[in-house]
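This is a predicted model, so every value here is computed, not measured. Chain naming here is simple, since letters A, B, ... match the order of the sequence lines and numbering starts at 1 in each.
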Amino acid sequence: MEVNLVYEGFKFMVLGMSVVFSFLVIMVYALKLQAKIITKYFPDPVSPSSTNQRKTPAKNKSQDEVVAAITAAVMHHRKA
Amino acid sequence: MKKIVLVITLIASLFASSLLAAEAPPAPADGSVPKYAKEYEPKSIENMFGGLYETTGIKALTSVDPDMTDSDGKKMSGFSQTGARIIMVLISFVLFYLAIAKGFEPLLLIPIGFGGLLANIPLAGIGDPDGFLGIIYSTGIENGLFPLLIFMGVGAMTDFGPLLANPKVALLGAAAQFGIFGTVIGAVALTQYTDIFNFSLQDAAAIGIIGGADGPTSIYVASMLSPDLLGAIAIAAYSYMALVPIIQPPIMRALTNDKERVVKMEQLRVVSKREKIIFPITVLTLVMLFLPDAAPLVGALTFGNFVRESGVAARLSDTLQNALINIVTIMLGLAVGSKLAAEKFLIAETLGILVLGLVAFALGTVAGVLMAKIMSKFSKEPINPLIGAAGVSAVPMAARVVNKEGLKYNQDNHLLMHAMGPNVAGVIGSAVAAGVLLSLF
């Protein structure tokens, strides 16, 4: 039987794109739910684990992370 | 003392084997006699020099042996024994040039180029099934093992934090997979409406995956669906990944205006460590429930990521992202390069694959950018449409390209972290797309 390849290809596209989209949409909601549950019920302990003890007070934590992120971005930028 | 014993045993065993050989008919059932096991016959000095000339590359490259066969045992044409080999050697040199002078994916193009060089040495048969590159090929590529090992390393190297901080950019990673399926149609259309190419639906699917911009995924799918075209597909996938900084920017510029390109995005929230630990498990659970065909790829990726984020297996994580991935990259590159043998590569299909691969990349970029434009219309927070281009995987190259483009139009608009979200979602998206295609056959 002669198969119309282009028609088959088109069906692949419809199926494929809908599966990829639905999978990632489900993932988006799963991740949002996960974030909500974790930040509400299981937030990271205020003082990080003993292997990673910070000497600076906790209020500087977010600032430290911002500095780290900026440093990482600058490094990436220079590498690129 | 030990050495002498060893030598004596060796000689004895040689005698024994020659005696055995004399008793039994020497040739094994398939007729392959080891090259150096034939009995030595005395020759004159002229014959010796003549014989030596017979085994030189000069002779092999300038004259045609009508009985020469390729690694599949098919007769080779005169051209693919002579001129084509030289062309392939030149192509290898071009790959070296691109890697060294232009800095295009040197970690891959150097081994691939050298593998190509080795595979095209006449008479040596390095790329044949019993040559050393052929052995590497059948060990790890034919069965899809190396791509999965690389995926573990990719998982261990990837920080999914940007995606966790802003999950909805995953849609960009989904949109960019349009390149894959658009190219499947392109490939079968070429088959149906021209006489030059003859791609089956399997071939078309394997070619389309190039649009996922993910070398390991391409190789994995091609090894399953279309092993004959694997060489050209891998080359196309890796070359275009290296060419992302050249292919993507014009498309990004064409689809956006100056106002959109300077959009600044909000700072990403901090993602907790626990979220990052749970993430691989969540993704794997979803794959388990919805698409087990994608499980090998996603499983390897999430394993690598879990080792990384668990935070208690630093040594394993370090090995995955350095030693293991480096070793496998060497093997993968050389083995892919061995598919640059002239008789396999200089065929019309290769040209078709290279063109289609480029189309796949471009289509993916277009779809990603358009999706980002749509999202920015409906989203409350500003979205810079440039980050859509990072939806094709090519981690982290595509994200860097986005960052670079963004900086061009606004000196202090760093889009890197925002582009990493769709970028890593693209890896998952193309693994899912690969799973869909594999589930269809």
Practice task
Could you tell me which portion of L286(B) (side chain, backbone, both or neither) has an atom closer than 4.5 angstrom to a non-hydrogen atom of chain A?
Solution key: both
Which atom pairs, donor and acceptor, lie under 3.5 Å between side-chain atoms of residues 161-171 of chain B and protein residues at least two apart or in another chain?
residue, atom, partner, partner atom, Å
K168(B), NZ, E381(B), OE1, 2.8

Exercise for the section: Tabulate, in ascending numerical order, the residues of residues 428-441 of chain B having at least one heavy atom closer than 4.5 Å to a heavy atom of chain A, or enter 'none'. Expected result: I428(B), G429(B), V432(B), A433(B), V436(B), L437(B), L440(B), F441(B)
Exercise for the section: Pick one of side chain, backbone, both or neither for A175(B), based on which atoms fall under 4.5 Å of a heavy atom in chain A. Expected result: both
Handout entry: Side-chain touch F160(B)/L301(B), heavy atoms, less than 4.5 angstrom
Key = yes
Practice task
Below 4.5 Å from any heavy atom of chain A, which atoms of V184(B) appear? Answer side chain, backbone, both or neither.
Solution key: side chain
Exercise for the section: Determine which pairs satisfy ring pair (Phe, Tyr, Trp, His ring centres under 6.0 Å) with at least one residue from residues 163-199 of chain B, sequence neighbours left out, and list them in order. Expected result: F197(B)-F199(B)
Practice task
Would you indicate whether the side-chain heavy atoms of T217(B) and L297(B) approach each other to under 4.5 Å?
Solution key: yes
Completion exercise
Looking only at heavy atoms, the pair that brings L415(B) and N384(B) closest together is CD1-ND2, 3.6 Å
Handout entry: Portion of L407(B) that has a non-hydrogen atom of chain A nearer than 4.5 angstrom
Key = side chain
Practice task
Compare every heavy atom of G9(A) with every heavy atom of L201(B), then report the nearest pair and how far apart it is.
Solution key: CD2-N, 4.4 Å
Fill in the blank from the handout: Interface check, chain B: of V25(A), L24(A), T39(A), most non-hydrogen pairs under 4.5 Å belong to L24(A)
Practice task
Under the ring pair (Phe, Tyr, Trp, His ring centres under 6.0 Å) rule, collect the residues that match up with F21(A), sequence neighbours excluded.
Solution key: none
Exercise for the section: Compute both the distance and the angle, then confirm whether K32(A) meets the cation-pi test with Y29(A): under 6.0 Å from the six-membered ring centre, within 45 degrees of the axis. Expected result: yes
